[in-house]
Amino acid sequence: MSRFKAVIFDLDGVITDTAHYHYLAWKQLAESQGVHFDHEFNEGLKGIDRMGSLDLILASATRSYTPEEKLALADVKNRHYQELIATMSSADLLPGAVEALDAVRAAGLRIGLASVSKNAFTVLGRLGITDKFDYVVDAATIARGKPDPEIFLRAASELGVAPADCLGVEDAVAGVASIKSAGMFALGIGHPFVLTQADVVITSLKEFNLAAY
Ligand code: BG6
Ligand code: MG
């Protein structure tokens, strides 16, 4: 039994670990522009959409960029990222992810995906789990990225469930903020001292226990 009617999952860092691929692609792009890029900086990009991430990186560059130049750089990064994810398979599912999705389904709840990644449909396909979701938000139709609540509110509305009846699952600070401003219960994946706004934090979906929230 669960007091929720839907569970809305983030993708990157929750269901699969694409963070490393984003890291490699952003690092190459940043260094091509003379910007130092390390794991610590990459942490702050988690959950942030592509152009928002690029703006954060280019803030440390020695010159300014036109909108056209920014679009071209984002495209270079994305093509590199797409090369890196091309070989993903179900072996790249994080431990506990499929079990969590199946537990939500078995409990009779609706299942949504709220990722700001425009590559989310490709990644779901490579992982072989597209049909486990009742609704996947198309990030291309979202005007405001996380921490704005828009993406989680869209998922709830398309699932036909009130935000207060939704459990959101996120690994990023910006993502947890998005869930909380949407008026949902936030389950954080990571560390409590990082995801301070989350209602409950677990270290991975291996610990997912729907009845406990
Ligand atoms: C988020 C990731 O899920 O998607 C970010 O956490 C990424 O790191 C963002 O930048 C956008 O992804 P994409 O695939 O649209 O460039
Ligand atoms: Mg994430």
Side-chain angles (χ1 to χ4, degrees), residues 7-30 37-59 70-86 88 92-94 96-97 100 112-127 129 133 136-152 154-155 167-180 182 184 186-191 194-195 197-198 201-205 208:
V7 179
I8 302 170
F9 291 87
D10 172 45
L11 175 65
D12 296 320
V14 169
I15 287 172
T16 184
D17 186 16
T18 43
H20 186 61
Y21 299 134
H22 280 296
Y23 167 79
L24 292 174
W26 278 132
K27 186 173 173 64
Q28 186 163 308
L29 190 282
F37 191 87
D38 57 19
H39 281 286
E40 193 186 340
F41 194 87
N42 191 55
E43 277 304 302
L45 300 185
K46 285 187 179 172
I48 307 295
D49 65 23
R50 195 181 307 160
M51 295 311 289
S53 300
L54 181 65
D55 282 339
L56 289 170
I57 290 167
L58 295 182
K70 286 186 183 181
L71 283 174
L73 290 175
D75 195 45
V76 168
K77 182 269 175 179
N78 190 49
R79 277 187 275 119
H80 185 189
Y81 178 69
Q82 287 179 333
E83 274 169 35
L84 294 169
I85 62 172
M88 284 179 78
D92 293 290
L93 282 157
L94 280 169
L113 189 94
S115 170
V116 296
S117 171
K118 295 188 174 75
N119 293 294
F121 290 102
T122 305
V123 172
L124 287 181
R126 296 234 47 100
L127 295 171
I129 56 168
F133 295 87
V136 176
V137 177
D138 178 356
T141 66
I142 293 296
R144 294 171 303 280
K146 299 167 186 177
D148 191 279
E150 180 182 2
I151 191 164
F152 279 94
R154 165 80 65 78
L167 167 71
V169 190
E170 260 291 350
D171 67 313
V173 172
V176 170
S178 172
I179 295 171
K180 291 316 295 176
M184 301 176 183
L187 176 64
I189 307 290
H191 302 286
V194 176
L195 303 175
Q197 257 196 291
V201 179
I202 57 178
T203 51
S204 86
L205 281 179
F208 184 78

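Each ligand, and each atom within it, is numbered from 1 in the order the structure gives. Because the structure is a prediction, the values reported are computed rather than measured.
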* **Nearest-contact summary for atom 13 (P) of ligand 1 - protein heavy atom, Å** =>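 Looking only at protein heavy atoms, the one closest to atom 13 (P) of ligand 1 is Ser117 OG, 3.5 Å.
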With atoms numbered from 1 as shown, which atoms in ligand 1 lie under 4.0 angstrom from a non-hydrogen atom of [X]?
X	result
Ile48	5 (C), 7 (C), 9 (C), 10 (O)
Ser115	3 (O)
Leu45	5 (C), 8 (O)
Ser53	10 (O)

* **Close side-chain approach of Tyr81 and Trp26, heavy atoms under 4.5 Å** =>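 Contact flag for Tyr81/Trp26 side chains = no.
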* To do: Flag the pair Leu29 / Leu73 as yes when at least one side-chain heavy-atom distance between them is below 4.5 Å, and no otherwise.
  =>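 Yes. Closest side-chain heavy atoms under 4.5 Å.
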* Asked: What do you reckon, does Gly47 put a non-hydrogen atom under 4.0 Å from ligand 1?
  ->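 Right, Gly47 reaches ligand 1.
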Minimum heavy-atom separation for [X] to [Y], with atom names?
X	Y	result
Phe152	Ser178	CD1-OG, 3.1 Å
Ala74	Arg50	O-CD, 3.9 Å
Ile15	Ala97	O-CB, 3.9 Å

* Asked: Under 30°, 30 to 60°, or over 60°: which ring-plane class applies to Phe9 and Phe133, parallel, tilted or perpendicular?
  ->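 Plane angle over 60°, so perpendicular.
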Polar side-chain atom of [X] near backbone of [Y] as donor-acceptor pair, under 3.5 Å:
X	Y	answer
Ser117	Asn119	yes
Glu150	Ala143	yes
Lys118	Ala139	no

* Asked: How many N, O or S atoms of the protein are nearer than 2.8 Å to the Mg ion (ligand 2)?
  ->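 Atoms of protein N, O or S type lying less than 2.8 Å from the Mg ion (ligand 2) total 3.
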Examine [X] against ligand 1 and note whether any of their N/O atoms are separated by less than 3.5 Å.
X	answer
Trp26	no
Arg50	yes
Asp12	yes
Asn119	yes
Lys118	yes

* **Among Asp10, Val14, Leu94, Val201, side-chain contact (heavy atoms from CB on, under 4.5 Å) partner for Ile189** =>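 That would be Val14; it is the only one of Asp10, Val14, Leu94, Val201 passing the side-chain contact (heavy atoms from CB on, under 4.5 Å) with Ile189.
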* Ignoring hydrogens and angles, state whether a donor on the side chain of Arg126 or Thr16 is under 3.5 Å from an acceptor on the partner side chain. =>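 No, Thr16 and Arg126 have no side-chain donor paired with an acceptor closer than 3.5 Å.
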